[in-house]
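Step one of this worksheet: look at the structure below.
This one's a predicted model, so the numbers in the text were calculated from it and none came from an experiment. Remember, it's 1-based here, ligands and their atoms both numbered in the order they're listed. For this chain, numbers begin at 1 and follow the sequence in order.
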Amino acid sequence: MARTRPGRSCPRHYRYSPAVFARAADLKAQSLYIAGGLYGNPFALEAVLDLARRENATLVFNGDFNWFDADPTEFRKINDTVLRHVALRGNVETEIAGEDSGAGCGCGYPEWVGDGEVERSNEILERLRETARGFPDVRARVGGLPMHLVAEVGGLRVGIAHGDAESLAGWQFSQEALRERPERARAVLAGAAIDVFACTHTCLPVIQDFATPRGTALVVNNGAAGMPNFRDTRFGLATRIASVPSGQALYGARLGAIVVEAVPVRYDHDAWLARFDQVWPAGSPAALSYRRRIVSGPVYDVEQALRTGSPTGALPRAA
Ligand SMILES: [Fe+2]
């Protein structure tokens, strides 16, 4: 049965109720960066830290900061640096923290992702877990990270998770599911008392608005901070939520007095590609699945990611 195959399943312990987000904020920020899917790219990590530092913003890593960092020195450095900040665990951190639970990479891949890719993800995870075994302290720390967080920015309630509002590895907030089944996301947002839901995990970015009883709500998926997200581009993306717009945003939407934006994570591409090729040479599972995307981006364009009624104007929002 498909749901029990490694890489396809969504383990029970990955799940939570959308009601967990209907709680007092865990943190308040003036300016908030959310960087999911760093995927072990140390140059993207530097770039994200730099973005946040420049405006003294709060930084949240919402999971999968590990993936390509199978080199032990890199693994140590990535985790030590990320764990100085607020962090949630993704499926990668959850799976490397423990031994094989039968979930494979824990990605919970939907039917539109091919079997070859799923198999290679399981192999990447196996290699990364082997590296992680050398760092029991890191395994304990990443395994103990929370799965969700509620932040407040200028009165907006921001729900942050790795996958969606119900699962660490959920795909309901993927660009595909938001296009095909927006009603499910709308129902979940209404139940979670959240104005902005920030997620990652599904590898492609999207920002989409929804009418809920609380007013307009947004789902913002940053795609990947550590990999290109658009055709013929070589930068990652982070989500930024603040009262003052960023001069660097690629696109965004306004919700009352607050802007929710996709900000490019401009890392040193050549240095990253050289590092990637060292760790994952031609023929390796990561090279087969990801090298093309690292070099020239996925087949996806900015226009496909931006799905708000009034991207440049103010969206209506209930008081
Ligand atoms: Fe993920």
Criterion side chain to side chain contact (heavy atoms under 4.5 Å, CB included) on L38 and V265, from CA distance to verdict:
CA-CA 10 Å; L38 195 71; V265 176; 5.9 Å; no
Does a donor on one side chain sit under 3.5 Å from an acceptor on the other, for Y109 and S121?
yes
Is the shortest side-chain heavy-atom distance between I124 and W280 below 4.5 Å?
yes
Suppose the cut-off is 2.8 Å; how many protein N/O/S atoms fall inside it around the Fe ion (ligand 1)?
4
In this structure, is the centre-to-centre distance between the rings of F276 and Y290 below 6.0 Å?
no
My understanding is that only residues two or more places apart in sequence, or in another chain, count here; which of them pass side chain to side chain donor-acceptor pair (under 3.5 Å) with T202?
N221
Measure the shortest side-chain to side-chain distance between L88 and L168 over non-hydrogen atoms and say whether it is less than 4.5 angstrom.
no
